[in-house]
2 protein chains.
Amino acid sequence: MPEFLDLHSRTTKVLRALADEAMRANGLHYGQHHLLAALWEQDGRTPGEVAAKLHVTTPTVVKMADRMTASGLLVRRRDERDNRLVRLWLTDAGRALREPVEAGRRDLEEKVTAELTDDERAALLATLAKVHATAERLVG
Amino acid sequence: MPEFLDLHSRTTKVLRALADEAMRANGLHYGQHHLLAALWEQDGRTPGEVAAKLHVTTPTVVKMADRMTASGLLVRRRDERDNRLVRLWLTDAGRALREPVEAGRRDLEEKVTAELTDDERAALLATLAKVHATAERLVG
DNA sequence: GGCAGATCATTAGACGGCAAACGACCCGAG
DNA sequence: CTCGGGTCGTTTGCCGTCTAATGATCTGCC
């Protein structure tokens, strides 16, 4: 079992569990934070735009938007000019989560990198970015 | 959006896509390789043992075993001494995949780390392992 | 020897992800 | 003006993952 791939996937699992836990504290599921973040940055995006921003497929966003609409975090409204488009708008409840969720996110980042020196942290970011770029070229 | 968490999750997505693609070349789905690897290492493990080895839950293994039994990669057999236990045994088809799958895995590891120097690679492994350990302590 | 509690696998149901098929809508070329 | 091709969102169906509930079996204690 290749060292890096194995270590990376194990790390993913643990980080995912922690992120899930942190989001549940705000009444959210894991992926919902990402969709909200896209709307916090710019409200009224379409599912396709959100999907591109999050690097996921459109159906994924549609499904998440279904659940989040049901739980009152956002509303769907058709674009007035182009009737093919749907725009996702935050509700007050969706907007209200921004501060606590972003705080939880920063807190988690802090905690998992707490045992690294500044140099280690910088090197980790740079090297991982290199791997990411290489991988992206392979998949594209 | 925290730098490391964000970069790590983007990397995960791309690596996952590449791994998926590599496994599909062998007629496998992404997760099935891990289950097979557990049995290549030691055939006849129980679902619970496999789950522990892979750091996933037992139901996950049960579902995967369902599909893999259906596609002829392994067979279920009850333990003779303890009838609560089920043991998963590789078929010839399951055993035959070992070489090509492991080769594809090594190939992917090589490719995504190709642009790193030896030092960078070593540092990446060490630092990521540190983060992993820290995170694991947080979740445990 | 029998019953209560522990141990296993399985089922049920939810979520995040993907690909493929479908349907509604827009727009530009005739 | 129309019609065909392109652009969207949605539906469907699958995989991997989790938690919670269910059911079967073993084991130790009385």
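These figures come from a predicted structure and were not determined experimentally. Chain naming here is simple, since letters A, B, ... match the order of the sequence lines and numbering starts at 1 in each.
- The backbone N or O of Glu49(A) sits less than 3.5 Å from a side-chain atom of Thr46(A), completing a donor-acceptor pair.
- Between Arg67(B) and dC14(D) there is no side-chain polar atom (N or O) within less than 4.0 angstrom of OP1 or OP2.
- Taking atom CG on Leu85(B) and atom P on dA24(D), their separation rounds to 16 Å, with Å as the unit.
- Look at CG on Asp82(A): it is 17 Å from P on dG6(D), rounded to the nearest Å.
- As judged by a 4.0 angstrom heavy-atom cut-off over every strand, Val86(B) is placed among residues touching the sugar-phosphate backbone only.
- Between His34(A) and Arg78(B), the residue anchored closer to the 5' end of DNA chain C is Arg78(B), taking for each the nucleotide with the nearest heavy atom.
- Note: CZ (Arg16(A)) to P (dG16(D)) measures 15 Å, nearest angstrom.
- Atom CD in Glu21(B) sits about 11 Å away from atom P in dA19(C), given to the nearest Å.
- Of the listed nucleotides (dT19(D), dG17(C), dT10(C)), dT19(D) has the atom at the smallest distance from the side chain of Thr57(B).
- Side-chain atoms of Glu109(A) come within 3.5 Å of backbone atoms of Phe4(B) as a donor-acceptor pair (strictly under, hydrogens ignored).
- When the P atom of dG17(C) is taken as reference, atom CG of Asp66(A) falls 14 Å away, rounded to whole Å.
- A salt bridge does not link Arg121(A) with Asp118(A): every distance from a Lys NZ or Arg NE/NH1/NH2 to an Asp or Glu carboxylate oxygen is 4.0 Å or more.
- Of the candidates dG17(C), dA19(C), dT19(D), the closest approach to any side-chain atom of Pro59(A) belongs to dA19(C).
- Judged by distance alone, the side chain of Thr127(A) and the main-chain N or O of Leu124(A) form no donor-acceptor pair under 3.5 Å.
- The base of dT10(C) lies outside donor-acceptor range of the side chain of Lys63(B), with no N or O pair under 3.5 Å.
- For Thr117(A) (side chain) and Glu120(A) (main-chain N/O), a donor-acceptor pair under 3.5 Å exists by modelled atom type.
- Nucleotide dC18(C) holds its C1' atom 11 Å from the NE2 atom of His29(B), rounded to whole Å.
- Take the nearest nucleotide of DNA chain D for Arg24(A) and for Thr58(A): the residue whose nucleotide is more 5' is Thr58(A).
- Backbone-only engagement by Arg76(B) is indicated by non-hydrogen atom pairs under 4.0 Å involving sugar-phosphate atoms exclusively.
- Heavy-atom nearest nucleotides on DNA chain C were determined for Arg84(A) and for Thr60(A), and the one closer to the 5' end corresponds to Thr60(A).
- The distance from atom CG of Asp79(B) to atom C1' of dT25(D) is 12 Å, rounded to the nearest whole Å.
- To the nearest angstrom, P of dC15(C) lies 12 Å from CE of Met68(A).
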